[in-house]
Amino acid sequence: MGRDVFYITTPIYYPNDVPHIGHAYNAVATDFIARYHRLRGEEVFHLTGTDEHGLKIQRAAEAAGMEPKAWVDQMEPRWREVWARLDIAYDDYIRTTEPRHVTAVQRMLRAVHDNGRDDIYLGLYEGLYCVSCELYYTEDELIDGKCPIHGRPVEHVREENYFFRLSAYTDRLLAWYGEDPSRIEPETRRNEVLSLIRGGLQDFSISRTNFDWGIPLPWDPNHVCYVWFDALTNYITAAGYGSDEGRFARVWPANIHLIGKDILRQHAVYWPAMLMAGGVEPPRQVWAHGFLTVGGKKMSKSNATGIHPFELLDHFGVDSYRYYFMREIQFGQDGSFSWESMVDRHNADLANGLGNLASRVLAMLGSYFDGVVPATPGDDSDLPKVIEESRRRYDELMGTLALGSALTAVWDIVGRANQYLVEREPWKIAKDDGRRDELAAVLYTAAETLRILAVLISPIMPNAAAALWTQLGIGEPLDAQRLPHAARWGGLAPGTRTSKGDALFPRLDS
RNA sequence: GGCGGGGUAGCUCAGUGGCAGAGCAAGCGGCUCAUAAUCGCUGUGUCGCGGGUUCGAAUCCCGCCCCCGCUACCA
């Protein structure tokens, strides 16, 4: 995949929206995947950002008595502060109001407009318009034929807009996906898209004249670019389209556009067709995850289930937060969130599982060897084999974005290690001075297992991994570790001075 | 209405023809290095309902009930 770079994107967010755990779900998943690829030694480009144009922004700014740019400047940081708290290590953050993006969008529009196939044409957009809202509605949205907000009659309005000839791309899109079905995952989403395309595609409008907070069309500045050509183009802007062709050739096409299923159509139909029309290769893969549900309902502001990530981060901490959502929910399916399940998951897997394992091993190293990793003649434990097998499954599952199963594979190691300690009973061996070699072997095996666990969990729980790494006292930086080499048995040097620090994951009361 | 997903143990879910599974929770026992932790043992569930195909169905077919999402340009 990829030219030289593993390129993964999140959607870009509306500054006006309030971040909730559904947005964060996408961000965490993207970051987990990106960090995993970095751990494998790949050059990674992880992009996120904000979508800052449009009538809604313009109106919100007006209502606040501000210029639109000043408005988004003060709204946008609310997103970055969430990503910072979640340890989202993006490589670039794009704002669609940046000059580089204006350049790229206009260039893209030009490329499509001038492609000789008349793919952009002037047409009539007809719709039901509420003057008070300054918005178009579909018939379904109306209440008794009137505006749902103002209760006033809507007008049938026709507006001259430029249109993109999506209808001309039906066959090419089907051929594109026929070549390689994995271009849309998971399968159920792919099937939806294919049936949608087969049903015939309608052209869509790409410009507006009823507001001006947007990017002007290069050939007709009376029109501003309307949502799709502006927003979706961010993915190539950040890769260097229109500004750095050398870089663009290395970075594009994106390996993965990670999105929610609500914007599948735009990413899997509109976007590839737009790129084809502009002479740019479509992305390698669009991966649509599911929605979080709260109490069995899709999360939303209206039913009071729009939970802000900070509400959970304050209680659980960032590592537990990241782990919970990735482990608990089958990636690709909808998943239910509940406070109780989050507490259970934290206590079972993190506090009692990994955290307690580290605690008991480091405590014994401290008591029996003054914290120094002992040299050992060797051990006949099956842990090296178990770890190698788990690491192999982890890699395989991360490759197919079975993120929860990948973590399960790592926790098989935790389970086996706890079991191993009970089988060997080092606390009993320690009472017999004649069995020092045996004690050394057991504790070396346990400590080496912790070292490899720290490496494997680093993409999902960077802080806990670093804390464990520090407790193990390993000199080489964790950031410098690379898979698969770093997971090979025997990397922990005898003589390493460990120290039992604070609990990695304190138990939580419900 | 149409399209899609789903209804399996208290909870979350896996399981697409061959004796009903996992994790968590719960109970009992062991151990005591550890964060009241850990290890072992314990699951008689109408696999939504009713038919059908089959030697055999949670798994395939038909019908029905219920839940969720989408249904086209405001992510």
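Labels below follow one simple rule: chain letters A, B, ... track the order of the sequence lines, proteins then strands, and each chain is numbered from 1.
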From B:rU35, B:rC39, B:rA72, nucleotide with atom closest to A:Arg265 side chain: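 Given the options B:rU35, B:rC39, B:rA72, the side chain of A:Arg265 is closest to B:rA72.
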Side chain to side chain contact (heavy atoms under 4.5 Å, CB included) involving A:Glu389 - partner list, sequence neighbours excluded: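 If we apply the side chain to side chain contact (heavy atoms under 4.5 Å, CB included) test to A:Glu389, skipping adjacent residues, the hits are A:Arg392, A:Arg393.
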Presence of A:Gln333 side-chain N/O under 4.0 Å of B:rC13 phosphate oxygens OP1/OP2: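 So the side chain of A:Gln333 is outside the cut-off, no N or O lying under 4.0 Å from OP1 or OP2 of B:rC13.
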Residues from residues 357-369 of chain A lying under 4.0 Å of RNA chain B - heavy atoms: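 Correct list: A:Ser359, A:Arg360, A:Ala363, A:Met364, A:Tyr368.
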Give the table of side-chain donor-acceptor pairs shorter than 3.5 Å for residues 353-372 of chain A, with sequence neighbours excluded, one pair per line with atom names and distance.
from     : atom 1 : to       : atom 2 : distance (Å)
A:Ser359 : OG     : A:Lys500 : NZ     : 3.3
A:Arg360 : NH1    : A:Asn418 : OD1    : 2.8
A:Ser367 : OG     : A:Ala363 : O      : 3.0

Sidechain-backbone polar pair: A:Asp212 side chain, A:Val224 backbone, donor-acceptor under 3.5 Å: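 Pair absent, no side-chain N/O of A:Asp212 close to backbone of A:Val224.
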Nucleic acid contacts - residues 436-447 of chain A versus RNA chain B, non-hydrogen atoms under 4.0 Å: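 Within residues 436-447 of chain A, no residue comes under 4.0 Å of RNA chain B.
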Reading 5' to 3' through nucleotides 4-12 of chain B, protein heavy-atom contacts under 4.0 Å coded B for base, S for sugar-phosphate only, - for none: SS------S
Under 3.5 Å: donor-acceptor pair, side chain of A:Arg189, backbone of A:Leu264: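 Side chain of A:Arg189 to backbone of A:Leu264, a donor-acceptor pair under 3.5 Å: no, none is there.
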By side chain to side chain contact (heavy atoms under 4.5 Å, CB included) - contacts of A:Glu328 (at least two apart):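 Here the qualifying residues are A:Tyr324, A:Ser341, A:Arg345.
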Distance between C1' atoms of B:rC47 and B:rC19 (Å, rounded):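 These two C1' atoms come out 15 Å apart once rounded.
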Passing candidate, ring pair (Phe, Tyr, Trp, His ring centres under 6.0 Å) with A:Phe316, options A:Tyr323, A:Phe325, A:Trp339: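 The option that passes is A:Trp339.
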Within the 6.0 Å centroid threshold, strictly below: A:Phe204 and A:Tyr270: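 Ring centres of A:Tyr270 and A:Phe204 closer than 6.0 Å.
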Proximity of A:Tyr93 and A:Trp79 rings by center, below 6.0 Å: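 No.
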